[in-house]
Amino acid sequence: MAANSGGRLTFLDWTRGFVVVTMLNGHVFHSFTQPALRNDGPYTLSQFVGGEGPAVFLLLTGITLAFLLDGRERKGASAWDRWKSALRRSGYLWLIAFAFRLQLWAFAFGQSSWKELFKVDVLNCMGFGIAVMSVMAVFSTAERARLCAVLGVVIACAAPVISSLNWTWLPAEIYNYFVPNLNYFGFFPWAAFIAFGISFGSILRLTPPDQLNRLMQWSALAGLAIVFVSQYFDNLPYSVYPNSDFWLNSPGLTFIKAGVFLLLVSFAYIWNEYAVGASFSWIRQLGTTSLIVYWVHVELVYGRWFGSWKESLNYWQCALFVAVLIPAMLLLSLAKTKLGGGKWRDLLAPYTSLGQERRVSGD
């Protein structure tokens, strides 16, 4: 049971670390590729693969919230106490989100509008999404597994409807939190991934250790089915929505990304359980420190540090930048682990399943 419990933690960290690598690659190409090359295959591939990252981060945020609520439930906490725990998690994420925006704005002082402080980034979506879904804390773990799966489908399917309505009577700083936008992470459809994560995390907590292999098999099969069925319906010549954009608000894209996550997490379990085991994994290491890696790399890639290179590099130069950035972020990750110890693990618990499990369930 100890080995299986450890496997749960490590394969989630490995999944997070894998999308960190794809995110680093995608952001470098997005920031530095020459405009003339942005319609070619390498750039498109980098953005398509890198685009899975936010969905996975939101799913894993939902999973860690499910672990938190289940841990409180097992300890006999009341529904009200569980709800307060979820709201505290939301407040923490929102605080981190605004601190992140404030740092970026301060470092770009004179080159960035004050409105950038209110940009709805993925961290803002996490905080807002968990605040809305905190009501799920009043249900049991088994009930959350079912209800949040339905809730995720509802949020994804409602996104084209929300897009079709006129929200300009509200300030942009408000409606960007829930209206689909290619430049922001609105509640619709992105919060669907948080709901799916709560559902999947609840299922993980309900699964006996000796049945985890079977769960991963079913997850892989479900992921394949979701991807192919979603693609089939998206390719039909008609739609129930009068106005739907595949890359902006399509339920099909949301379901496809959720299906890819199930495939990825199943592979991560197999790889960590039977290949990597307890040995060191640089991908898993990045996953355990994803917040600081995310924070620092955004400043390096999008800040003024390499401003003269923005939109001026070819594919090979971007690839070389990635080849240097990843080891640099790994060194940062190792330094944080070495110097931070338990205090930093607790502080970053919402982003590290290892810290979350130890705090919540005592594993």
Side-chain angles (χ1 to χ4, degrees), residues 12-38 40-58 60-61 96-97 99-108 111-112 116 119 121-123 126 183 185 260 264 268 271 276 280-340 344 348 351-352:
L12 292 178
D13 286 333
W14 193 95
T15 301
R16 185 183 289 106
F18 180 82
V19 297
V20 165
V21 174
T22 63
M23 173 189 67
L24 294 175
N25 180 77
H27 284 177
V28 167
F29 274 76
H30 181 263
S31 180
F32 297 111
T33 301
Q34 300 171 17
L37 301 176
R38 293 184 178 238
D40 296 340
Y43 178 81
T44 302
L45 180 62
S46 72
Q47 300 310 294
F48 178 79
V49 175
E52 182 70 17
V56 174
F57 287 137
L58 290 165
L60 289 169
T61 298
I96 291 295
F100 174 67
R101 300 309 311 174
L102 179 62
Q103 179 270 311
L104 292 179
W105 176 79
F107 275 47
Q111 297 182 355
S112 179
E116 289 295 309
K119 182 178 180 180
D121 208 338
V122 66
L123 292 170
M126 290 177 182
N183 297 316
F185 291 87
V260 171
L264 177 60
W271 183 255
V276 178
F280 174 77
S281 168
W282 66 273
I283 292 180
R284 192 166 62 214
Q285 172 63 35
L286 287 172
T288 60
T289 57
S290 57
L291 175 57
I292 191 172
V293 170
Y294 175 79
W295 196 314
V296 172
H297 101 275
V298 168
E299 175 60 38
L300 292 176
V301 173
Y302 290 106
R304 62 174 64 186
W305 301 88
F306 301 98
S308 61
W309 293 359
K310 297 293 179 62
E311 299 187 354
S312 64
L313 304 184
N314 59 35
Y315 294 138
W316 292 109
Q317 290 169 330
C318 287
L320 179 60
F321 196 108
V322 173
V324 174
L325 181 64
I326 291 177
M329 293 298 99
L330 179 59
L331 289 175
L332 174 66
S333 173
L334 291 169
K336 188 246 121 180
T337 300
K338 181 69 174 178
L339 299 176
W344 279 100
L348 303 182
Y351 298 91
T352 57

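The figures here come from the full heavy-atom set of this structure, side chains too, leaving out hydrogens, waters and symmetry mates. Bear in mind that the values here come from a model prediction, so they are computed numbers and not experimental data.
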Name each donor-acceptor pair under 3.5 Å that joins a side chain in residues 44-53 to protein atoms two or more places apart or in another chain, with its distance.
residue	atom	partner	partner atom	Å
Thr44	OG1	Asp40	O	3.0
Ser46	OG	Tyr43	O	2.6
Gln47	NE2	Gly26	O	3.0

When rounded to the nearest 0.5 angstrom, what distance separates [atom1] in [X] from [atom2] in [Y]?
{"X": "Thr288", "Y": "Ile283", "atom1": "OG1", "atom2": "CD1", "result": "12.5 Å"}
{"X": "Lys336", "Y": "Gln285", "atom1": "NZ", "atom2": "CD", "result": "8.0 Å"}
{"X": "Thr15", "Y": "Leu264", "atom1": "OG1", "atom2": "CG", "result": "5.0 Å"}
{"X": "Asn314", "Y": "Leu37", "atom1": "CG", "atom2": "CG", "result": "7.0 Å"}

Inset, instruction - Any chance you could lay out the side-chain contact (heavy atoms from CB on, under 4.5 Å) test for Thr33 and Leu313, step after step, and finish with the verdict? - result: CA-CA 5 Å; Thr33 301; Leu313 304 184; over 6 Å; no
Please name all residues satisfying ring pair (Phe, Tyr, Trp, His ring centres under 6.0 Å) with [X], sequence neighbours left out, ordered by chain then number.
{"X": "His30", "value": "Tyr302"}
{"X": "Phe185", "value": "Trp190"}
{"X": "Trp295", "value": "Phe100"}

Inset, instruction - Kindly write out the residues that satisfy side-chain hydrogen bond (donor to acceptor under 3.5 Å, both in side chains) with Trp282, not counting sequence neighbours, or none if the list is empty. - result: none
Legend entry - Results of side-chain hydrogen bond (donor to acceptor under 3.5 Å, both in side chains) for Gln317 - residues two or more places apart only: none
Legend entry - Residue Tyr294 excluded, over 12 heavy atoms near OH under 6.0 Å: yes
Inset, instruction - Would you confirm whether Arg101, through its side chain, and Glu116, through its main-chain N or O, come within 3.5 Å as a donor-acceptor pair? - result: yes
Legend entry - Side chain Lys310, main chain Gly303, donor-acceptor under 3.5 Å: yes
Legend entry - Residue of the set Tyr315, Trp305, Phe306, Trp316 for which ring-ring contact (aromatic ring centres under 6.0 Å, His included) holds with Phe321: Phe306
Inset, instruction - With side-chain contact (heavy atoms from CB on, under 4.5 Å) as the test, would you mind laying out the steps for Leu325 and Val301 before giving the verdict? - result: CA-CA 9 Å; Leu325 181 64; Val301 173; 4.0 Å; yes
